[in-house]
Amino acid sequence: MEAVSSHEGVQRLRRAEAARYSSRIEDSLKRLEAPPDPQFGELTSSFCFEVSKNLGIKPIELAEEIVERIDLSSSRLVGEVKAEGGGYINFYAKIADLASLAINSARHLDQAFGTVEAERVERIVVEHTSVNPIHPIHIGHARNSVLGDSLARILEARGHKVSRHYYIDDVGRQSAIVAYGYNLLGRPKPEGKPDHFIGTIYSLTSCLLEIKRLKGEIESVKGTHDKERLTRLQQSLDEWVSVAADLESRHPELFSKLLDAMEKIENPEEEVSKLIRGYEAGDEEAKLLIREVCQICLEGFRQTLKRAGITFDSWDWESSLLWSGEISECIKRLKETPYVFYEGGVLEFDAEKVARVLKLKRSLGLREEYEIPSLTLTRADGTTLYTTRDIAYSLRKFRGADRVINVVGMEQKLAQLQLKLALYALGYSEEAGNLVHFAYNMVRVPGYRMSGRRGRYVTFDEVMDEAVRRAYEEVSKRSPHLDEGLKRRISELVGVGAVKYAFISTDPAKPVTFTWERVLDFERNTAPYLQYSHARACSILRRIGEVVEDVEADYSLLREPVERSLILLVAKFPEVLVEAAENLKPNTVAEFAYTFADRFNAFYAALPVLKAEPRGLRDGRIALVDAVRIVLRNSLRIMGIEAPERM
RNA sequence: GGGCCCGUGGCCUAGCCAGGAUAGGGCAUCGGCCUCCUAAGCCGAGGGUUGUGGGUUCAAAUCCCACCGGGCCCGCCA
């Protein structure tokens, strides 16, 4: 049996045909495209439209002329060529031969079917999720996690060595606030899920600090006659007081305990600052406290991510960059470049100058007139800022990687640009060129703005809970005969799959509005639909006693249009994964999987498999169903979604 | 003010980077299909100025320009 992937098959088909014509036509044939409809064949060329004007011939006449001269006698996979549609040259595949190649490849390669190793295998770091360890992963972060994880899987399918990194932002004010509150509460043992517990402490502490700060500020402004500012502050205070009331009603005990503790403190704000400084300086007490709080929260993240099937190879602490001296080293080296300057006591990085001097604007997709804002590297007190630390972190990531992909919201576009320019400034042009900002748009929740400080967010956990609950209802209704344990397992992977698919299947560039309807849909273009299709294929295969040998399958009997399109889709699968990897587009995999499942279900409804006659047709269909099973399972795996054998 | 992203039937969405044949789907609506491998399914119907206006082209949802609407960024926040 031929262990050639069908992707190679298609390439071979293209090369074989292309080699036969003049160079001009050859160029065009290398760009053969898929026609919009199967009635126009499997490959098409619009070459005749391009050149007909210059030649003074009608496109269709030219097309007919060319078709005349094509000799297909030695062609393995092309059965027919026609001039159609006013000038298109359409190629029709020898479906039996293509079926044999595609189906046998799929069944032989099995798990590996669809993976086409890249010409150059790269070591790639995909940094994603990286939620600050101060509150649970919410639905907006979930989009990041799911996209990042599927990107990693897609790149692995291209043979790249992928490493998934989680950047733990434990340095700075937010971590200090939650640690401070946690300490005031007497370092309590977490109640409930650890990250939710930490999230509560964070909003409580943050809210009480904010109210105290606003009150103080209002007092000092009262003396002046800045009425406008006073009104603004008062509004802000009113808002936070109502946030406090809301938090108090949800967490009465913690609220009063923290309030009591904080009232005894003269200047809590100063203590938080002290904690920040202590942590940055590596003070043991501060380290113990903040790390403890982060670990509690991260434990919650691990639970959530594990449930979602998302894993990491490396958990990178931002603080370790600080303590190891990597950040100060990085700043020192930046200072040696001509691209930094002091302004009012703070160190600034002149991103604009780097772009101008190294003539990078065009390649970065920027207009010449656009002036890139400078980046503040250090505060007046000498402490660093987030993006500054990210420069050092990028260098660390590049120590073990040829390419670094940061899955970061598009609102950080400018910061990511400045980061890249900093690498150029430091002389790491190659690294800078291989630093990718994979940007995705926001997830909005209708009705309110998510806010960690206000304790307002829809968590990834509750979304999965609800989806699984719904899935359980469905499973119980549709498959009451299954035993309880199996029902639970199936609803788990169906519910989680539905949520993940909802994010993977939409273009990352588009903003999405979170609605339950969106993630709880179990019909049609959803993960459950794909999983159901897979289960159906498995169900057929389960009923065959013996293994079907390829020799008994007669692929020339697979003549129905729906069989034809399924076969072509099996053959196309490897190309889809290549395209998804080259363009970093997870949603193309979802798109393909849906189309594929749709065709399979049409096939399933229209044609018998096990009862098909004669034997050659039956076995051919069984082999096709097996290939379908493999393609569906592999597609789902690429998206990080489980493929159940029954549901 | 400057920059970036988004704009496709009532709602959601694919195609846009690498322009080609009647703009694919899904939800909702309506009408059919379980003596046959799982009906989370299948088949069919209606519903569109692809935000608007120009331009390039034999050909524009796709490329270019302008404008409109929505979002984001331009912090000694992350």
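Just so it is clear: chains get the letters A, B, ... in the order the sequence lines come, proteins before strands, and each one is counted from 1. This is a predicted model, so every value here is computed, not measured. Both backbone and side-chain heavy atoms feed into the values below; hydrogens, waters and symmetry mates do not.
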Exercise for the section: Mind checking M647(A) for me? I need base, sugar-phosphate or nothing, with any heavy atom below 4.0 Å counting as a touch. Expected result: base
Exercise for the section: Would you kindly check if the NZ (Lys) or CZ (Arg) of R470(A) is within the cone defined by 45 degrees around the ring axis of F522(A) and under 6.0 Å from the six-membered ring centre? Expected result: yes
Practice task
Mind checking A509(A) for me? I need base, sugar-phosphate or nothing, with any heavy atom below 4.0 Å counting as a touch.
Solution key: sugar-phosphate
Problem - Within-4.5 Å side-chain heavy-atom neighbours: Q412(A) and Y386(A) - result: yes
Practice task
Could you point out which residue of E348(A), Q418(A), K353(A) forms a side-chain hydrogen bond (donor to acceptor under 3.5 Å, both in side chains) with S374(A)?
Solution key: E348(A)
Practice task
Output the single nucleotide from C77(B), A18(B), C5(B) whose closest atom is nearest the side chain of N441(A).
Solution key: C5(B)
Handout entry: Cationic tip of R143(A) above F503(A) ring, under 6.0 Å, 45° of axis
Key = no
Practice task
Using only heavy-atom distances, determine whether the side chains of S319(A) and D170(A) contain a donor-acceptor pair under 3.5 Å.
Solution key: yes
Problem - Of the listed nucleotides C6(B), C65(B), C42(B), the one nearest the side chain of N601(A) - result: C42(B)
Practice task
Using the P atom as the reference point in each nucleotide, state the distance between G10(B) and U52(B) in Å, no decimals.
Solution key: 13 Å
Practice task
Could you check whether V494(A) gets within reach of a base, just the sugar-phosphate, or nothing at all, counting any heavy atom under 4.0 Å?
Solution key: base
Practice task
Between U22(B) and A60(B), how far apart are the P atoms? Round to whole Å, please.
Solution key: 12 Å
When you compare the protein's N or O atoms with those of nucleotides 7-11 of chain B, which come within less than 3.5 Å of each other, and at what distance?
{"residue": "G7(B)", "atom": "OP1", "partner": "K510(A)", "partner atom": "NZ", "Å": "2.5"}

Problem - Mate of A18(B) where both pairing distances stay under 3.5 Å, Watson-Crick or G-U - result: none
Problem - Opposite nucleotide pairing with C67(B), Watson-Crick or G-U, both atom distances under 3.5 Å - result: G51(B)
Exercise for the section: Using whole Å, report how far OH of Y370(A) lies from P of G3(B). Expected result: 9 Å
Handout entry: Which residue lies more 5' along RNA chain B, comparing P35(A) with E523(A) via nearest heavy atoms
Key = P35(A)
Problem - Residue-phosphate contact under 4.0 Å: R478(A) side-chain N/O, A40(B) OP1/OP2 - result: yes
Exercise for the section: Name the nucleic acid region contacted by L584(A), choosing base, sugar-phosphate or nothing; use a 4.0 angstrom heavy-atom cut-off, strictly under. Expected result: nothing
Practice task
May I ask you to check whether H128(A) and H141(A) place their ring centers less than 6.0 Å from one another?
Solution key: no
Exercise for the section: Answer yes or no: does a side-chain N or O of Y529(A) lie under 4.0 Å from OP1 or OP2 of C42(B)? Expected result: yes
Exercise for the section: Please work out if K585(A) contacts a base, only the sugar-phosphate, or nothing of the nucleic acid, heavy-atom cut-off 4.0 Å. Expected result: sugar-phosphate
Practice task
Please measure how far the P atom in A61(B) lies from the corresponding atom in G9(B), and state the result in whole Å.
Solution key: 15 Å
Problem - Carboxylate-amine/guanidinium proximity below 4.0 Å for R356(A) and E371(A) - result: no
Handout entry: Residue pair N441(A) / E411(A), side-chain heavy-atom distance below 4.5 Å
Key = no
Problem - Partner nucleotide, any strand, of A40(B) [Watson-Crick/G-U, under 3.5 Å] - result: none
Exercise for the section: Please state how far atom OH in Y440(A) lies from atom C1' in G71(B), giving the value in whole angstrom units. Expected result: 15 Å
Practice task
Measure distances between side-chain N and O atoms of T588(A) and base N and O atoms of A14(B), and say whether any donor-acceptor pair falls under 3.5 Å.
Solution key: no
Handout entry: Residues K361(A), E368(A): salt bridge by 4.0 Å N-O rule
Key = no
Exercise for the section: Would you mind telling me which of A40(B), C4(B), C76(B) lies closest to the side-chain atoms of R367(A)? Expected result: C4(B)
Practice task
Indicate whether OP1 or OP2 belonging to C77(B) is found under 4.0 Å from a side-chain N or O atom of N132(A).
Solution key: no
Practice task
Could you verify whether a donor N or O on one side chain and an acceptor N or O on the other, from Y448(A) and R454(A), lie under 3.5 Å apart?
Solution key: no
Exercise for the section: Using the C1' atom as the reference point in each nucleotide, state the distance between C33(B) and A39(B) in Å, no decimals. Expected result: 9 Å
Exercise for the section: Compute both the distance and the angle, then confirm whether K572(A) meets the cation-pi test with F592(A): under 6.0 Å from the six-membered ring centre, within 45 degrees of the axis. Expected result: no
Problem - Sugar-phosphate, base or nothing in reach of A602(A), heavy atoms under 4.0 Å - result: sugar-phosphate
Handout entry: C27(B) versus C42(B) - spacing of their P atoms, nearest Å
Key = 9 Å
Exercise for the section: Would you classify Q412(A) as touching base, sugar-phosphate or nothing, given that sugar-phosphate means primed atoms plus P, OP1 and OP2, and contacts are heavy atoms under 4.0 Å? Expected result: base
Practice task
Decide, for C67(B), between syn and anti: a glycosidic angle within 90° of 0 counts as syn, anything else as anti.
Solution key: anti
Exercise for the section: Could you tell me whether F522(A) contacts a base, only the sugar-phosphate backbone, or nothing, with contacts defined as non-hydrogen atoms closer than 4.0 Å? Expected result: base
Practice task
Report which part of the nucleic acid Y532(A) touches: base, sugar-phosphate, or nothing (heavy-atom distance under 4.0 Å, all strands).
Solution key: base
Practice task
For R389(A), report the nucleic acid contact type (base, sugar-phosphate, nothing); a contact means any heavy atom under 4.0 Å.
Solution key: sugar-phosphate
Practice task
Give R621(A) one of three labels, base, sugar-phosphate or nothing, depending on what nucleic acid heavy atoms sit under 4.0 Å from its own.
Solution key: nothing
Practice task
Find out whether the Lys NZ or Arg CZ of R453(A) is both under 6.0 angstrom from the six-membered ring centre of Y202(A) and within 45° of the ring's axis.
Solution key: no
Completion exercise
pair_partner(C76(B)), Watson-Crick or wobble, both distances < 3.5 Å, evaluates to none
Problem - Euclidean distance for P, G24(B) against A18(B) (whole angstrom) - result: 24 Å
Fill in the blank from the handout: Applying the 3.5 Å cut-off to both distances, the Watson-Crick or G-U partner of U29(B) turns out to be A45(B)
Practice task
Could you say whether R599(A) or K413(A) is positioned toward the 5' end of RNA chain B, judged by the nucleotide with the nearest heavy atom to each?
Solution key: K413(A)
Practice task
Determine the contact category for R444(A): base if any of its heavy atoms lies under 4.0 Å from a base atom, sugar-phosphate if only primed atoms, P, OP1 or OP2 are that close, otherwise nothing.
Solution key: sugar-phosphate
Practice task
Quick one: label L610(A) by what it contacts on the DNA or RNA (base, sugar-phosphate, nothing), any heavy atom closer than 4.0 Å.
Solution key: base
Fill in the blank from the handout: L414(A) has its side chain closest, among C36(B), C74(B), A21(B), to C74(B)
Exercise for the section: Using a cut-off of strictly less than 4.0 Å, decide whether R453(A) has a side-chain nitrogen or oxygen near OP1 or OP2 of C77(B). Expected result: no
Exercise for the section: Quick one: label V475(A) by what it contacts on the DNA or RNA (base, sugar-phosphate, nothing), any heavy atom closer than 4.0 Å. Expected result: base
Practice task
Pick the C1' atom in C37(B) and in A21(B), then give their distance to the nearest Å.
Solution key: 38 Å
Practice task
State plainly whether the residues R469(A) and E466(A) are in salt-bridge range, i.e. N to O under 4.0 Å.
Solution key: yes
Problem - Polar side-chain atom of D381(A) near backbone of T383(A) as donor-acceptor pair, under 3.5 Å - result: yes
Handout entry: A66(B) versus G25(B) - spacing of their P atoms, nearest Å
Key = 36 Å
N/O contacts under 3.5 Å, protein versus nucleotides 22-25 of chain B?
{"residue": "U22(B)", "atom": "O4", "partner": "Q39(A)", "partner atom": "NE2", "Å": "3.4"}
{"residue": "G25(B)", "atom": "O2'", "partner": "Y594(A)", "partner atom": "OH", "Å": "3.2"}

